[in-house]
Trainee: 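Before I ask anything, here is the structure I am working with.
What you see below is based on every heavy atom in this structure, not just the backbone, and it leaves out hydrogens, waters and symmetry mates. Residue numbering restarts at 1 for every chain, and letters A, B, ... go by the order of the sequence lines.
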Amino acid sequence: MLQLNYIRENKEEVITRLAIKNFNAKESVEKIISIDSDRRKIQTELDTLNSEANAIAKQVGDLFKAGKQAEATDLKNKSTALKETTKKLEISLSSTEEELNKVLVLLPNLPSVKVPKGKTPADNENVHEEGEMPKLSASAKPHWELTSQYDIIDFELGVKLTGAGFPVYKGKGAKLQRALINFFLDNATAAGFLEIEPPIMVNEASGFGTGQLPDKEGQMYHVGVDNLYLIPTAEVPITNIYRDTILKGEDLPVKNCGYTPCFRREAGSYGKDVRGLNRLHQFDKVEIVQIAHPDKSYEVLEEMRNYVAGILRKLELPFRILKLCGGDMSFASALTYDFETYSAAQQKWLEVSSVSNFEAFQSNRSKIRFRDGNGKPQLAHTLNGSALALPRIVATLLENNQTDNGIKIPKALVPYTGFEMIN
RNA sequence: GGAGAGAUGGCAGAGCGGUUGAUUGCACCUGUCUUGAAAACAGGCUUGGGUAAAACCAACGGGGGUUCGAAUCCCUCUCUCUCCGCCA
């Protein structure tokens, strides 16, 4: 959620920058400013009347003590009359606030000034590319054929148990999952991230805090009887740990990581993009989260970007880094780097990580603050990134490392899998 | 699932109708003392709105009510804890 003061003082800038996200904010911004001015007017009026009523109540108390009942009665009547007006003002204040909030909450975060213009993924800026492109024979297979050839992932069985998008990992396939999770967690903790194992269901307040609710309601699985949501990413519970918290300045940056399964309804997805491991309803992911000082958050973003690049390097996967254009960015993000690995048999780039700075957008919703030099609470910046999401990593590992004798496991991972080949 | 208790500042814990944003202790910050630290003493120490700064207003889990006046009384919702049951 954008800060009201900022909108009020930088009206034109807000509109211009949201246009980079292809969001026409003119009407909303005008509305916000006008409702807010009403709100302040009502607030002031109410404050004045309350102040008066407080004074009367005090006098009545004093008169009672002095035994001057008659005078007290007069004042009582005055106060009763006052109350009718304050009641009305209170109602109008809360409805004004509600109206204001409704508009405010639907405004996306401002893209950072570094964000390139553009409408579609084709407009994303390729900022880095590294690694050797594998040369596969013509008979190279896509991962969904390899997984059934070696019997390591069973998509059909998942359909039987649950539905499409819920694969069953078996044997070395299951072990590979476990190996990757541990590999990612060990790397993250070695880099100073504190490991967290959070709940994988969250309440409404948490969903709101990180920006999934109310606008992305349909993307999460909802457990109706208890009104809880299955998390789409560990970002939600981990960031919400710090909801309604005032951190000490020296606590920053907070660095957390965590492994969780992730659940996404992916309503509206279809076609070849959803083949095999490319898009799932349930998948495993290790997430890294940081809460940073506003002055440092872009340094932190670069640090996280380097960290993710480092893991991909260890896994010997060719990858590229995209700086997302305004049109492809998420609702809450101010700047996002996407990491894509090249999947040789499908001959396409697959997104395996997304690293974002949300600036104060999430922290304003969830009141994540720290005390600055003056001891005043101030909103912190939140950042997170996948490090990494498993399915597409598995897809590229399988495809890129396939040989006639089986699939080679990258060296860095062998201590975790306990085997060098899937065959 | 059944029965009971409770929700107050960073934590512990008073207050149960009259000014209380809230006694007190711990923690924390500043100062005096000290070579330094500890101890002792003095002072400070919730958040939000509002203001140039004040004044002022709001908030004692959420919502509603009674009253001139509510942290305190009533209703309601949510959550937590204890015991019983069930159970990895």
Trainee: Which one is paired to B:G43, where only Watson-Crick or G-U wobble pairs with both distances under 3.5 angstrom count?
Mentor: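 B:C29 - that is the nucleotide pairing with B:G43, both distances being under 3.5 Å.
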Trainee: Tell me whether the side-chain N/O atoms of A:Arg371 come closer than 4.0 Å to OP1 or OP2 in B:G10.
Mentor: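 So the side chain of A:Arg371 is outside the cut-off, no N or O lying under 4.0 Å from OP1 or OP2 of B:G10.
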Trainee: To the side chain of A:Arg8, which of B:C57, B:U47, B:G50 is closest?
Mentor: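 The answer is B:G50, which lies nearest to the side chain.
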Trainee: Taking 4.0 Å as the cut-off, does a side-chain nitrogen or oxygen of A:Arg40 come that near to OP1 or OP2 on B:G49?
Mentor: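 It does not, given that no N or O in the side chain of A:Arg40 lies less than 4.0 Å from OP1 or OP2 of B:G49.
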Trainee: Could you tell me the separation between the CZ atom of A:Phe64 and the C1' atom of B:G17, rounded to a whole number of Å?
Mentor: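 Taking atom C1' of B:G17 as the reference, CZ of A:Phe64 is at 12 Å.
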Trainee: Return yes when atom CD of A:Glu197 has more than 12 non-hydrogen atoms of other residues, nucleotides or ligands closer than 6.0 Å, and no otherwise.
Mentor: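 No, the 6.0 Å shell around CD holds no more than 12 heavy atoms from other groups.
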Trainee: Tell me which nucleotide, if any, is Watson-Crick or G-U wobble paired with B:G21 when both distances must be under 3.5 Å.
Mentor: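 Partner of B:G21: none found under 3.5 Å.
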Trainee: Distance check: side-chain N/O of A:Asn54 vs OP1/OP2 of B:C57, anything under 4.0 Å?
Mentor: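 Yes, within the criterion.
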Trainee: When all nucleic acid strands are considered with a 4.0 Å heavy-atom cut-off, which category describes A:Lys78: base, sugar-phosphate, or nothing?
Mentor: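 No contact.
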Trainee: For A:Glu52 and B:C56, what is the distance between atoms CD and P respectively, to the nearest whole Å?
Mentor: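 After rounding, the gap between these two atoms is 15 Å.
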Trainee: Compare side-chain N and O positions of A:Lys83 against OP1 and OP2 of B:G69 and report whether any pair is under 4.0 Å apart.
Mentor: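 Checking B:G69 against A:Lys83, a side-chain N or O does come within under 4.0 Å of OP1 or OP2.
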Trainee: List the atom of A:Ala380, the atom of A:Ile291, and the distance in Å for their closest heavy-atom pair.
Mentor: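 In this case the closest contact between A:Ala380 and A:Ile291 is CB-CG2, 3.6 Å.
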Trainee: Whole angstrom is fine here: how far is it from CD in A:Gln3 over to P in B:G49?
Mentor: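 Distance, rounded to whole Å: 10 Å.
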Trainee: Assuming nearest nucleotide by heavy-atom distance, tell me which of A:Lys76 and A:Arg369 is located more 5' along RNA chain B.
Mentor: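 Per heavy-atom nearest nucleotide, the more 5' residue is A:Arg369.
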Trainee: Across all strands, who's sitting opposite B:U72 as a Watson-Crick or G-U wobble pair, both distances under 3.5 Å?
Mentor: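 Base-paired to nothing in any strand shown.
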Trainee: Go ahead and name the base partner of B:A37; Watson-Crick or wobble counts if both distances stay under 3.5 Å, otherwise write none.
Mentor: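 B:A37 is paired with nothing.
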Trainee: Step by step, would you call A:Tyr416 with A:Arg178 a side-chain contact (heavy atoms from CB on, under 4.5 Å)?
Mentor: CA-CA 8 Å; A:Tyr416 290 88; A:Arg178 201 144 52 90; over 6 Å; no
Trainee: In whole angstrom, what separates A:Lys376's NZ from B:G49's P?
Mentor: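 These atoms are roughly 10 Å apart.
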Trainee: Taking a pair as Watson-Crick or G-U wobble with both distances under 3.5 Å, which nucleotide is matched to B:A52?
Mentor: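 Pairing partner, where one exists within any strand: none, as none qualifies.
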Trainee: Quick one: look up who B:U80 pairs with, Watson-Crick or G-U, both distances under 3.5 Å, and put none if it's unpaired.
Mentor: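 Here B:U80 is engaged in a pair, and the nucleotide opposite it is B:A5.
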Trainee: In whole Å, what is the span from the CD1 atom of A:Ile56 to the C1' atom of B:G18?
Mentor: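 The answer, rounded to whole Å, is 15 Å.
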Trainee: Could you please spell out the steps behind the salt bridge (Lys or Arg N to Asp or Glu O under 4.0 Å) verdict for A:Asp151 and A:Lys170?
Mentor: CA-CA 7 Å; A:Asp151 197 23; A:Lys170 301 197 287 190; 3.2 Å; yes
Trainee: Using whole Å, what does the distance between atom P of nucleotide B:U47 and atom CD1 of A:Ile368 come to?
Mentor: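 My rounded result for the distance is 17 Å.
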Trainee: Does CE in A:Met421 sit with more than 12 non-hydrogen atoms of other residues, nucleotides or ligands closer than 6.0 Å?
Mentor: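 It does: A:Met421 CE has more than 12 such atoms within range.
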Trainee: Does B:G65 have OP1 or OP2 under 4.0 Å away from a side-chain N or O of A:Lys87?
Mentor: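 Answer is yes, contact under 4.0 Å.
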